[in-house]
Amino acid sequence: MRSTRWLLILGLLWGCGEDNEAGGGDRGANLDAAPDAAVELDVALDAALDAAPLPDAALDAALDAAPSPDAALDAALDAAPSPDAALDAALDAAPSPDAALDAAVEPDMAPDAEPYTPPFDPTVCDAPPYQWLPPSEVGQVVTWSPAELPLLTLQMITNLIGDEDLGGLRPAHGARIYKLRYTTQDQGRRREATAMVGAPLDWVEDQPPPVALWLHGTSGFSDACAPSADLEAGIGQVALLATLGYLAIAPDFTGMLGFGEPSPEGTAHPYLVGESVALSSLDALRAALGPLQGEAGQLGYTPSYDRVIYWGASQGGHAAFFTERYQPYYAPELAPVAVAALVPPTDLEGLAQWGLTQVGSTSAAVAAAITLMWDWYGRTAPLDEIFLNDPPLSIADNIYDWLRVCDADTPLDDIDALEALFSPAALEAAAVEGFNALTPWSCYLRQNTVGHPEGIERISDAPFFISLSGNDTLVITDIIRDHLPQLCAQGYRLETIECAGLSHTRGARAALPHAHRWLQARLTGEAPDPALSCLIPEPIDCEAIP
């Protein structure tokens with residue numbers, strides 16, 4: 001395990017990518033092909049965290065614990081000397097490991113809030129036809145269990161954060177952490193998915209805490225890349241939200257099983273496919289409610305879904321838009337009060353045009369999206385139309401397998417020119433006619449550009465908080481800034497900030513406290529300021545929190 005000093009904040013922003021600093025990177029995506037791009041993830045994290053040379057030593061230092069691993073856990077939990085007793089004391093649980101699941105109650109859904117068959121055909125881009133599965137087959141609990149570090153007291157969280165400046169975010173609650181495996185669907189096929197859940201402790205308000213669906217940034221495209229497969233990322237992404245007072249549910253995306261039975265051989269996550277991530281994320285919310293209500297005695301309150309928000313960064317910001325778009329059709333009982341999307345790649349068409357005409361991190365991200373969408377939409381055209389396939393790399397033949405590797409070097413890491421990745425025909429078409437002339441590839445990206453999914457009318461009216469980063473070389477700021485007015489013309493209510501001079505990941509991190517304050521105002525019933533809706537403001541210093 002890596003140093004835990006920033007376990008919470010890094011877990012929350014896991015995989016957002018760092019476009020021009022050595023502070024991170026989209027793990028498994030090989031997004032940083034440009035010369036100044038981020039280094040391999042573990043090395044970058046070590047440098048950013050000033051980690052201790054030994055994992056246990058870092059954990060000891062963070063927790064001010066005794067030198068042995070068991071003693072560290074004992075001291076942190078104020079537990080009895082035996083490991084089993086420590087776990088029992090931390091959970092205040094029954095001796096049976098199935099007790100928490102047995103205690104779960106049926107979700108408290110409104111009787112008239114049943115999903116319905118959507119008034120559109122989900123099949124597009126000449127993909128093989130399919131229909132959605134009925135609600136009875138999805139959103140069901142497969143397993144529910146405490147996480148490896150199931151209890152974080154407020155003091156533990158405070159120690160983990162230390163004296164780091166989180167822009168005004170201050171821990172206020174301890175947290176219980178759980179692991180959830182549940183049923184969902186992908187193109188009408190029943191699938192299983194995984195998620196982490198964090199519940200705040202020390203809750204004194206009359207109503208239960210609001211629910212935050214957290215949608216993570218790019219971390220890769222296979223099981224080993226799932227945030228929940230990593231102790232720090234899995235716990236961190238829900239622990240910080242829980243300590244801020246949210247009941248946090250953080251799904252791994254489809255094709256990324258973080259624990260339990262692995263995905264079938266050759267499976268990959270359909271990167272930036274809006275339908276896939278929306279349906280699996282909504283099913284995570286559905287599945288979590290029953291077990292959480294079964295934990296009411298441990299938590300001191302009965303969780304409910306009266307106040308739900310969606311919140312995501314980078315790829316997760318894109319996912320937040322599509323989850324809001326599909327929600328009224330797929331899960332009308334889970335309408336969000338508000339949505340926050342930090343550095344979201346809303347305009348995939350525009351980013352693809354940039355990526356095929358200017359080499360950089362965006363080029364590799366576009367290559368990953370095209371490849372994994374090609375797989376999801378049925379492989380209806382040969383990849384050598386878009387990628388080179390000459391020896392020795394034979395990119396078109398191998399790129400799908402390369403993208404499913406996590407934390408390892410692949411030939412994509414050494415590609416630093418457009419001519420070394422894309423086919424001459426694709427580059428010529430993009431330069432002369434524009435990326436939209438490239439079919440079926442343009443259909444894939446258009447269908448997953450926010451505001452353009454064919455036939456899926458937006459019938460939600462949730463307000464959005466959007467952040468941009470002024471020096472974002474991955475999700476190009478000028479492209480997204482120009483795209484937002486198109487969304488406003490479709491009825492989106494967007495309140496936007498731009499973080500002056502910051503990179504992709506640093507800007508997302510700096511925007512966290514701004515998003516938190518904005519979401520809290522919506523949760524307390526304060527309406528967004530109409531004067532700020534769809535206004536593209538001047539850049540601000542997001543790190544200077546008043």
> So, does Gln187 use its side chain to make a donor-acceptor pair with the main chain of Trp376 at under 3.5 Å?
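Yes, the answer is positive, given that a donor and an acceptor are paired below the 3.5 Å cut-off.
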> Does any part of the side chain of Asn448, heavy atoms only, come nearer than 4.5 Å to the side chain of Met373, both counted from C-beta?
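Side chain of Met373 against side chain of Asn448, heavy atoms only: contact under 4.5 Å found.
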> Under 4.5 Å between any side-chain heavy atoms of His318 and Thr346, yes or no?
no
> Keeping the roles fixed (side chain from Thr183, backbone from Glu192), state whether a donor-acceptor pair exists under 3.5 Å.
no
> Which residue pairs pass the ring pair (Phe, Tyr, Trp, His ring centres under 6.0 Å) test with at least one member in residues 468-495, sequence neighbours excluded?
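Counting only pairs at least two positions apart or across chains, the ring pair (Phe, Tyr, Trp, His ring centres under 6.0 Å) contacts touching residues 468-495 are Phe321-Tyr492, Phe464-Tyr492.
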> Using a strict threshold of under 4.0 Å (side-chain N to carboxylate O), is an ion pair present between Arg509 and Glu543?
no
> Taking the side chain as everything from C-beta on, heavy atoms only, tell me whether Ser219 gets closer than 4.5 Å to Pro227.
yes
> Which heavy-atom pair separates Gly258 from Thr194 by the least distance, and what is that distance?
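Looking at all heavy atoms of both residues, the shortest contact is N-OG1, 3.0 Å.
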> Check the pair Leu372 / His269 against side-chain contact (heavy atoms from CB on, under 4.5 Å), numbers first and verdict last.
CA-CA 7 Å; Leu372 297 167; His269 162 58; 5.8 Å; no
> To check you understand the geometry: which heavy-atom pair defines the closest contact between Val359 and Asp416, and what is its length?
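That closest heavy-atom pairing would be CG2-O, 3.6 Å.
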> I'd like to know if the side chain of Ser276 and the backbone of Val273 have a donor-acceptor N/O pair within less than 3.5 Å.
no
> Under 6.0 Å from the six-membered ring centre of Trp518 and within 45° of its axis: does the NZ or CZ of Arg522 meet both?
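Yes.
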> I'd like to know if the side chain of Ser469 reaches the main chain of Asp472, judged simply by a donor and an acceptor atom lying under 3.5 Å from each other, with no hydrogens or angles considered.
no
> How about Gln315 and Leu272: do any of their side-chain heavy atoms sit closer than 4.5 Å?
yes
> Give, for atom CD1 of Ile476 and atom CZ of Arg481, the distance between the pair rounded to the nearest 0.5 Å.
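Here the rounded value is 11.5 Å.
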> Give a yes or no answer on whether the side chain of Ser314 reaches the backbone of Gly217 with a donor-acceptor pair at less than 3.5 Å.
no
> Evaluate the side-chain contact (heavy atoms from CB on, under 4.5 Å) criterion for residues Leu438 and Tyr444: first the C-alpha distance (whole Å), next the side-chain angles of each, then the deciding distance (0.1 Å), finally the verdict.
CA-CA 10 Å; Leu438 295 169; Tyr444 303 162; over 6 Å; no
> Is the count of non-hydrogen atoms from other residues, nucleotides or ligands lying under 6.0 Å from Asp126 atom CG greater than 12?
no
> Report the distance from atom OG1 of Thr267 to atom CZ of Phe221, rounding to the nearest 0.5 Å.
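So the gap between those two atoms works out to 14.5 Å.
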> Side-chain contact test, heavy atoms from C-beta onward, threshold under 4.5 Å: evaluate it for His452 versus Gln486 and give yes or no.
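Sidechains of Gln486 and His452: in contact.
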> What's the separation between atom CD in Glu275 and atom CG in Asp186, rounded to the nearest 0.5 Å?
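Reported to 0.5 Å precision, the distance equals 7.5 Å.
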> Might you point out which heavy atoms bring Leu257 and Ala226 nearest each other, and give the distance in Å?
C-CB, 4.2 Å
> Do any N or O atoms from the side chain of Gln185 and from the backbone of Leu133 form a donor-acceptor pair under 3.5 angstrom?
yes
> Side-chain contact, heavy-atom cut-off 4.5 Å: Cys406 with Ser222?
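Heavy-atom side-chain distance check passes, below 4.5 Å.
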> List for me each residue that meets side-chain contact (heavy atoms from CB on, under 4.5 Å) alongside Pro134, sequence neighbours excluded, and say none if there are none.
Ser136, Glu137
> Return yes if some donor-acceptor pair links the side-chain N/O of Ser361 with the main-chain N/O of Leu474 below 3.5 Å, else return no.
no
> For Gln358, I'd like to know if atom CD has over 12 heavy atoms of other residues, nucleotides or ligands within 6.0 Å.
yes
> Could you check whether any side-chain heavy atom of Ile456 comes within less than 4.5 Å of a side-chain heavy atom of Arg325, counting everything from C-beta outward?
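Side-chain contact under 4.5 Å: yes.
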> Can you confirm if the NZ or CZ of Arg191 lies within 45° of the ring axis of Tyr182 and under 6.0 Å from the centre of its six-membered ring?
no
> Hey, are Asn436 and Ser442 close enough side-chain-wise for a donor-acceptor pair under 3.5 Å?
no
> Establish, yes or no, whether a centroid distance under 6.0 Å links the rings of Phe465 and His514.
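No.
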> Quick one: does Thr496's side chain get under 4.5 Å of Ser467's, heavy atoms only?
no
> May I ask you to decide if Leu393's main-chain N or O and Asn398's side chain share a donor-acceptor pair within less than 3.5 Å?
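Checking the backbone N and O of Leu393 against the side chain of Asn398, a donor-acceptor pair under 3.5 Å is found.
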> Do the numbers put Arg379 on top of the ring of Tyr400, so that NZ or CZ is under 6.0 Å from the six-membered ring centre and no more than 45° off the axis?
yes
> Check the pair Phe435, Trp354 against ring pair (Phe, Tyr, Trp, His ring centres under 6.0 Å), reporting the backbone distance first and the verdict last.
CA-CA 9 Å; Phe435 182 81; Trp354 179 281; over 10 Å; no
> List the atom of Ala462, the atom of Val339, and the distance in Å for their closest heavy-atom pair.
CB-CG2, 4.2 Å
> Look up atom CZ in Phe259 and atom OG in Ser228, then write down how far apart they are to the nearest 0.5 Å.
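Answer for the CZ-OG pair, Phe259 versus Ser228, is 5.0 Å.
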> Determine, using ring centers only, whether Tyr246 and His516 are less than 6.0 Å apart.
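Yes, close enough.
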> Measuring from Ile399:CD1 to Asn389:CG, what's the distance to the nearest 0.5 Å?
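Between Ile399 CD1 and Asn389 CG, I get 10.5 Å after rounding to 0.5 Å.
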> What closest approach, in Å, do Ile497 and Ala511 show between heavy atoms, and which atom pair accounts for it?
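In terms of heavy atoms, the two residues are closest at CD1-CB, 4.3 Å.
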> What are the two closest heavy atoms between Gly317 and Pro344, and how far apart are they?
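Nearest pair, atom of Gly317 first, then Pro344: C-CB, 3.8 Å.
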> Give the ring-plane orientation class for Trp214 versus Trp311, where under 30° counts as parallel, over 60° as perpendicular and anything between as tilted.
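It falls in the perpendicular class, over 60°.
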> In sequence, state the C-alpha distance, the side-chain angles, and the governing distance for Thr123 and Tyr130, and then conclude on side-chain hydrogen bond (donor to acceptor under 3.5 Å, both in side chains).
CA-CA 6 Å; Thr123 308; Tyr130 64 91; 5.2 Å; no
> Say you draw a straight line from CD1 of Ile370 to CG of Asp375; how long is it, rounded to the nearest 0.5 Å?
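Answer rounded to 0.5 Å: 14.0 Å.
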> Between Arg458 and Gln490 (side chain of the first, backbone of the second, donor and acceptor by atom type, cut-off under 3.5 Å), is there such a pair?
no
> For Phe120 and Tyr329, run ring pair (Phe, Tyr, Trp, His ring centres under 6.0 Å): C-alpha distance rounded to whole Å, both residues' side-chain angles, the deciding distance at 0.1 Å, then the answer.
CA-CA 10 Å; Phe120 56 82; Tyr329 301 102; 5.1 Å; yes
> So does Asp283 get a backbone contact from the side chain of Thr184, meaning a donor-acceptor N/O pair under 3.5 Å?
no
> With a 4.0 Å cut-off, would you call Arg286 and Glu333 a salt bridge?
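Salt bridge present between Arg286 and Glu333.
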> Quick one: do Trp402 and Thr371 satisfy side-chain contact (heavy atoms from CB on, under 4.5 Å)? Show the steps, please.
CA-CA 11 Å; Trp402 291 341; Thr371 302; over 6 Å; no
